[in-house]
Amino acid sequence: MATQNTTKVARAMMAPSVIALLIWMIVPLAMTLYYSTLGYSLYNPISTPFVGLDNYTYFLTDPTFIAALTNTLVLVVGVLIITVGGGILIALLLDQDVYGVNVVRLLVIAPFFVMPTVAALVWKNMMMNPVYGVIGQAMSGLGLAPIDWMTDVPLTSIIIIVAWQWLPFATLILLTSLQSLSADQKEAAEMDGAGALSIFWYITLPHMSRAITVVVLIQTIFLLSIFAEILVTTNGGPGSQSTNITYLVYQQAISFGDIGAASAGGIVAVILANIVAIFLIKAIGKNLDA
Amino acid sequence: MGKIQLQSVTKAFGGVKVIPDLDLDIENGEFVVFVGPSGCGKSTLLRLIAGLEDTTSGTISIDGKDATHLPPAQRRLAMVFQSYALYPHMSVRKNIAFPLKMAGRNKQEIDKRVDNAAKILNLADYIDRRPGQLSGGQRQRVAIGRAIVREPAAFLFDEPLSNLDAALRVGMRLEISELHQRLKTTMIYVTHDQVEAMTMADKIVVLRAGNIEQVGSPLELYTKPRNTFVAGFIGSPKMNLMGGSDAKSHNADMIGVRPEHIDLSQSEGQWKGEVKVSEHLGSDTFLHVQTSDHSEPLTVRAGGEFPVHAGDTVYMTPQQDKIHRFDGKGLALR
Amino acid sequence: MARQVTKQRKIGMTVLAWAVGLLIFFPILWTFLTSFKTELTAISIPPQFMFFDWTTENYSTINSQANYFHFMANSIYLALGSTLLGLLFAIPAAWAMAFSPTPRTKDILLWMLSTKMLPAVGVYIPIYLLFINLGLLDSRFGLIVVLFLINLPIMVWMLYTYFKEIPVDILEAARMDGASLRQEITQVLTPMAVPGIASTVLLNVILAWNEAFWTLNLTTTDAAPLTAFIASYSSPQGNFYAKLSAASMLAIAPILVVGWFSQKQLVRGLTFGAVK
């Protein structure tokens, strides 16, 4: 509903954002693609011969890559299970008639605002340190042998830290969705003879399905590129036990100075992210339009 | 001044022609009502005149000057929207002053004109409130106030009363009519309610699917509908339309008789039927009567205290000089 | 619900909810408490919960390290700078999409969302090299531009969903009233959009403040914000828990407060308007 004049103006107003994002997306991506075909080391930047797909062969056959790919998937899926599952339960709890529910909500969402480096260091040192950490001390107090989290179960540790950061996000969104469910519907189901469990299964959960898909989609986008938490806790180690794709590319570029291989890794990451994105957008497509 | 002419105006959204080809003259000072069922293109027509939509082809001229490609602000028209479209963050005073401020008028003049409009519309008591704190009727008045301060060439109203309750609607209808008497400015008013059209208009434009079915004074449309569509749309309750032998005896394919032009009797008449429903309005009683001659029940107006009930048998005779005759295409035979 | 919930049930739920809330909040609470301990108390076995000699010496130590404020200032610069730049681009774009939509508007919005799915490492190498060549490495300006770009899709989406709620009638009324496009935006649209813009600003400040890929990889000292400052504490073990805690509290406290105030708007911003 507009006149031609306003349409023209509208186009001009959209242009800066569209152009900025287009450049931001295409130029570096094209350059990454270009670098990925070069033998390009930061330590010898004068000679950058064309090497075809060698970098890809090198990157993809590197056993670390398979490990990093597995770690990336385990990290994403693990965090999703904890946050969505936990988020639903906590949302249901906070939807109840509870004294001081507003304060509890503030407590629950707080971790989301903690910057990743702080979250990772607080957990690494004050929670998970086997000697001085609260968890270690609690376990010792119970007569159990403390776990050296960062050495023995590095990936699990990172999953816990990241899940702690994202649980509030899932909870907040699922709670918002839950509270938009009209009481009428629940009452109608109750009149129809549904019990609490049936109401949850047939009314509440379907109502939340859209919010759940949104949570899964958005978290996946962010979780695929977890970086700071790994950098300040395990440095990807021990070995490559907690290296994900993002961290591997960073290592190739910064630690080894291998721009060619790192670029190939970057392209692989883009392809992986796109597979997930296409899959997810398809899965939620009808949900988002509704 | 406010003489508006539309010549061969068409409007298409994508491939859909909303207004195929339309000519219309609106004289200075006239109160013109566009009426028709929803989707007939009446609001689109108003928005074309306002300049909120581009015409696909044709010209719109205001006071003899081509305005087809002028932006809305330069057409010297003021519009009252169905939703009132008041600026929620501004007080009543600032809402009314807004068009004057945009025109760059000085402060004294703005104050004078706003106060004057507030007086005309009884807005003085809540001039400093925000729209959110006003009732529907009050918001309506503010929207009208915002329109009149501009002293426009013409006012455009887009179903302005449809969000008000029935009692307020009647009151506002009167106020708008009085405003027209006082200002004598051209007004174009869009509605789907034929009662509003009949009571307010100098000239009614009946639209269907973007085509003008008939233009005329309310009385012309009532007494001489050009076709069955206008005949059925104007007048309440609707005209009774019937074909068959009734029509043949009048040399027509279809005839129409308004409920108020049928005489009732409890003993004799042309048609005999059984009362299905009787609606008592106090001043009038409308009977819905099923006869054996007609497939649809006939609607008949009786006096306020005509003593019949559902199930009673009545006799009806149409007033011969009030019968409307139509041909096979639905056009009136004169 | 008009019915009374039984007292026992309500108390039970309350206890459970508070237990869960405190458990989730515990790491932050513990950091808060530790920041007021001496380094020795901080690592005492068994741990001291509340009953220790509270001291603010960690905070004064950090304050006396003049460079702490340097990092703090950088965080503020980056958050505000990228947000302002973002508003400059996003407001007109969202305005156009909301009020003059074309058949392609939805596609453009989805495409913008898709740029957000591009993993940072996919564009990291060229940006890094480009920054070296242009002398932008470790510069506030370069980082502001990057943060602006990564958050632009979210800003456009969020503003779009807010603008969508402003009735078109009102803008048309302004047009009829003789407002120019500029006046339409400054005098009618902007005041009505202020709440939405404010929420967008808050969310963007939070995201920029906590961003930890680009800020860690494109800075060393000059432009390094608090994320990088805290990361420097990850160096070898030592008795620095209390100071780490104090530094952490200073880094997260402002954003925690902002976040608590804007929790409602966050949902909408972070879900691209899909959940309200």
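Note on naming: letters A, B, ... go to the chains in the order of the sequence lines (proteins, then strands), and numbering restarts at 1 for each one.
Both the backbone and the side chain of C:Ala17 come within less than 4.5 Å of a heavy atom of chain A. In this structure, chain C has heavy atoms under 4.5 Å from both the backbone and the side chain of A:Leu22. Both the backbone and the side chain of A:Met126 come within contact range of chain C, judged by heavy atoms closer than 4.5 Å. Neither the backbone nor the side chain of A:Leu89 comes within less than 4.5 Å of any heavy atom in chain C. In this structure, chain C has no heavy atom under 4.5 Å from any part of A:Val268. For C:Thr34, the part sitting under 4.5 Å from any heavy atom of chain A is the side chain, from C-beta outward, and nothing else. Contacts between C:Leu256 and chain A at a heavy-atom distance below 4.5 Å involve backbone atoms as well as side-chain atoms. At a 4.5 Å heavy-atom cutoff, the contact between A:Ile90 and chain C is made by side-chain atoms alone. Heavy atoms closer than 4.5 Å to chain A are found in both the backbone and the side chain of C:Ser248. Only the side chain of C:Leu129 comes within contact range of chain A, with heavy atoms under 4.5 Å apart. Contact annotation for C:Trp209: both backbone and side-chain heavy atoms come within less than 4.5 Å of a heavy atom of chain A. C:Leu109 does not touch chain A: none of its heavy atoms, backbone or side chain, sits under 4.5 Å away.
Per-residue heavy-atom pair counts under 4.5 Å with chain A were compared for C:Leu22, C:Ile206, C:Ile127, and the maximum is reached by C:Ile127. Between chain A and the options C:Ile255, C:Ile230, C:Ile252, heavy-atom pairs under 4.5 Å are most frequent for C:Ile230. Listed options A:Arg105, A:Glu229, A:Gln179 were ranked by heavy-atom pairs under 4.5 angstrom with chain C; first place goes to A:Arg105. Options A:Leu121, A:Leu106, A:Val18 differ in how many heavy-atom pairs under 4.5 Å they form with chain C, and the most are formed by A:Leu106. Considering only heavy-atom pairs separated by less than 4.5 Å from chain C, the leading option among A:Leu29, A:Ile259, A:Leu93 is A:Leu93. With chain A as partner, the option from C:Phe25, C:Tyr128, C:Phe26, C:Trp260 having the largest number of non-hydrogen pairs under 4.5 angstrom is C:Trp260. The greatest number of non-hydrogen atom pairs below 4.5 Å with chain A, out of C:Leu226, C:Ile108, C:Asn217, is found for C:Asn217. Taking C:Phe148, C:Trp30, C:Trp111, C:Phe229 one by one and counting their heavy-atom pairs under 4.5 Å with chain A, the maximum is reached by C:Trp111. Note: A:Ala110 leads A:Ser36, A:Ser140, A:Ala110, A:Gly100 in heavy-atom pairs under 4.5 Å with chain C. Of the residues considered (A:Val118, A:Thr246, A:Leu272), A:Val118 shows the highest number of contacts with chain C, using heavy-atom pairs under 4.5 Å. Ranked by heavy-atom pairs under 4.5 Å with chain C, the first of A:Ala119, A:Gly141, A:Gly266, A:Ala138 is A:Gly266. Most heavy-atom pairs under 4.5 Å with chain A: of the set C:Val15, C:Val20, C:Ile28, this distinction falls to C:Ile28.
Ring pair A:Tyr250/C:Tyr124 is tilted by interplanar angle, where 30° to 60° counts as tilted.
Closest of all the heavy-atom pairs between C:Ala251 and A:Met115 is O-CE, 4.0 Å. Among all heavy-atom pairs drawn from A:Met31 and C:Pro126, the shortest one is CB-CB, 3.6 Å. Here the shortest heavy-atom pairing between A:Pro111 and C:Ile24 reads CG-CG2, 3.6 Å. For the residue pair A:Val104 and C:Gly21, the shortest heavy atom distance occurs at CG1-CA, 4.3 Å. Here the closest heavy-atom approach between residue C:Ala212 and residue A:Phe227 is recorded as O-CD2, 3.7 Å. Taking all atoms of both residues into account, the shortest heavy-atom contact from C:Trp18 to A:Tyr99 is NE1-O, 2.9 Å.
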Give the C-alpha distance, both sets of side-chain angles, the deciding distance and a yes or no for side chain to side chain contact (heavy atoms under 4.5 Å, CB included) between A:Asn125 and C:Phe240.
CA-CA 10 Å; A:Asn125 293 307; C:Phe240 56 82; 4.2 Å; yes
message = Quick one, C:Val121 with A:Tyr247, criterion side chain to side chain contact (heavy atoms under 4.5 Å, CB included). Give me CA distance, side-chain angles, the key distance, then yes/no.
response = CA-CA 9 Å; C:Val121 288; A:Tyr247 196 79; over 6 Å; no
**Q.** Trace of the side chain to side chain contact (heavy atoms under 4.5 Å, CB included) decision for A:Met13 with C:Ile185
**A.** CA-CA 12 Å; A:Met13 287 164 55; C:Ile185 293 179; 4.2 Å; yes
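In this structure, A:Gln96 CD and C:Leu16 CG are separated by 9.5 Å, a value rounded to the nearest 0.5 Å. In this structure, CH2 in A:Trp24 is found 6.0 Å from CG in C:Leu149, a value given to the nearest 0.5 Å. Atom CG of A:Leu21 and atom CG of C:Leu152 lie 4.5 Å apart (nearest 0.5 Å). Note that the CZ atom of A:Phe222 and the CZ atom of C:Phe213 stand 14.0 Å from one another [nearest 0.5 Å]. C:Leu159 CG to A:Ser17 OG: the interatomic distance, rounded to the nearest 0.5 Å, is 9.5 Å. Note: A:Leu94 CG to C:Met13 CE = 11.0 Å, rounded to the nearest 0.5 Å.
Without hydrogens or angle criteria, A:Thr117 side chain to C:Thr227 main chain gives a donor-acceptor distance under 3.5 Å.
Using a 4.5 Å cut-off on side-chain heavy atoms (C-beta onward), A:Phe113 and C:Val257 make no contact.
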